[in-house]
Amino acid sequence: MPELPEVELTRRRLERELVGKRIERVVVRTPKLRFPIPRELHDSLPGRTVRSVERRGKYLLLECEAGWLIIHLGMTGFLRLLPGTPPPGKHDHLDIAFADGAVLRFHDPRKFGTVAWTTDTPATHPLLAGIGPEPLTTAFDGAYLYDASRGRRVAVKQLLMNAAIVAGVGNIYANEALFRAGIRPDRPSSSLSHSECGRLVLAVREVLQGSIDQGSTYRVAEHTVAYHPLDFAVYGRGTGDCTRCGGALEEIRLGNRSTVYCPRCQR
DNA sequence: ATTTGCCCCTGGCGGC
DNA sequence: TGCCGCCAGGGGCAAA
């Protein structure tokens, strides 16, 4: 389900739903997703109240007094607050039950998600420590991207998708941002000019913020891995025509990820 | 230091 | 209808 906009929308929902709730019980049904689900959750979480819900890149951070619950939704993860405790279905890996009877349930068919726990500040956790600037903050600007792209021959799309360079940009929004900026996704990173870096940064921010503002540009049907695109300019349109110039879009693979661009509008 | 490719896992879809 | 291969929002990690 998630790139940055979807994780941010999940964060806002969880903030409304969970802050102030006291955890009563934890049920782990699957020992290991991407990594083992920490056993300490059983000892550390019950009795704690959720104080805040934050986000770093695509990681959700739930502040639970004694420490932080770190959750990554992977490709297909979904967090849902249920009013009670219905029988768990297939792929319902984790329940966090609250004192008021509600249950936060983690559903993830592909098991690429992550659940971790730290008693330290989450920024120092190994999974988060190396993540680059948040794209919606001023730390991510043209000068930063220009510097970060020097000496790198990797395709600019792969640079955008490198979390160490900038947090939270996945395959869909990398495609969309490069189209918006008019930059070919396979350009070597180091070939970008200062002004192209500025355009690209702006495009990334607009694409991400635009998706957040409209409640995500795609929808995920519950309990399936299928998703429904609503508003993509290029992603998933590999056989179609450019919405801007009408010419045929091209589809290539970069880093084994599907990449769609307009060879006329993107240079 | 960068870059490349693998791999974790399930399910949907198109083709035969 | 059934089986098979391919592809899918991610990203850590080992190896080149």
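By convention in this document, chain letters (A, B, ...) are assigned in the order of the sequence lines, proteins followed by strands, and residues within each chain are numbered from 1. What you see is a predicted model; the values in this text were computed from it and never measured.
Computed from coordinates, the I71(A) CD1 to dG11(C) P distance equals 15 Å when rounded to whole Å. Taking atom CG of L160(A) as the reference point, atom P of dG10(C) lies 13 Å away to the nearest angstrom. R237(A) places its CZ atom 17 Å from the P atom of dA8(C), with the value rounded to the nearest Å. Note: NE2 (H125(A)) to P (dG12(C)) measures 11 Å, nearest angstrom. Regarding K157(A), its NZ atom lies at a distance of 16 Å from the P atom of dT3(B), rounded to whole Å.
In this structure a side-chain-to-backbone donor-acceptor pair under 3.5 Å is present from R150(A) to Y146(A). The main-chain N or O of T49(A) is found under 3.5 Å from a side-chain atom of E65(A) such that the two form a donor-acceptor pair. No side-chain donor-acceptor contact under 3.5 Å links N175(A) to the backbone of V234(A).
Residue R153(A) places its CZ atom among 12 or fewer non-hydrogen atoms of other residues, nucleotides or ligands, all under 6.0 Å distant.
Residue K111(A) places none of its side-chain N or O atoms closer than 4.0 Å to OP1 or OP2 of dC8(B). OP1 and OP2 of dT4(B) both lie 4.0 Å or more from every side-chain N or O belonging to R253(A). Of the side-chain N and O atoms in K90(A), none sit less than 4.0 angstrom from OP1 or OP2 of dT10(B). A close approach under 4.0 Å does occur between a side-chain nitrogen or oxygen of H91(A) and OP1 or OP2 of dG11(B). Distances shown here put a side-chain N or O of Y59(A) below 4.0 Å from the OP1 or OP2 atom of dG12(C).
Between the side chain of R110(A) and the base of dG10(C) there is no donor-acceptor pair of N/O atoms closer than 3.5 Å.
Considering N162(A), N171(A), D186(A) as possible partners of K157(A), the one that fulfils the side chain to side chain donor-acceptor pair (under 3.5 Å) test is N171(A).
Heavy atoms of L33(A) sit nowhere under 4.0 angstrom from any nucleic acid atom. S258(A) comes within contact range of the sugar-phosphate backbone alone, with a heavy-atom separation under 4.0 Å but no base atom that close. Contact annotation for R153(A): backbone-only contact, meaning every heavy-atom pair under 4.0 Å involves sugar-phosphate atoms and none involves a base.
Picking from dT4(B), dA8(C), dG11(C) the nucleotide with the shortest atom distance to the side chain of Q158(A) gives dT4(B). Taking every side-chain heavy atom of F35(A) into account, dG12(C) is the closest of dG12(C), dC8(B), dG10(C).
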**Report entry** Canonical and wobble pairing (Watson-Crick, G-U, under 3.5 Å) of DNA chain C, dot-bracket with |
**Finding:** .|||||||.|||||||
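Taking all atoms of both residues into account, the shortest heavy-atom contact from R244(A) to C265(A) is NH1-SG, 2.9 Å.
Side-chain contact of H93(A) with T30(A): a donor-acceptor pair under 3.5 Å is present, judged by distance alone.
Between R152(A) and F112(A), the one whose closest nucleotide on DNA chain B sits nearer the 5' end is R152(A). Along DNA chain B, the nucleotide nearest N256(A) and the nucleotide nearest R150(A) are compared for position; the residue whose nucleotide lies closer to the 5' end is R150(A).
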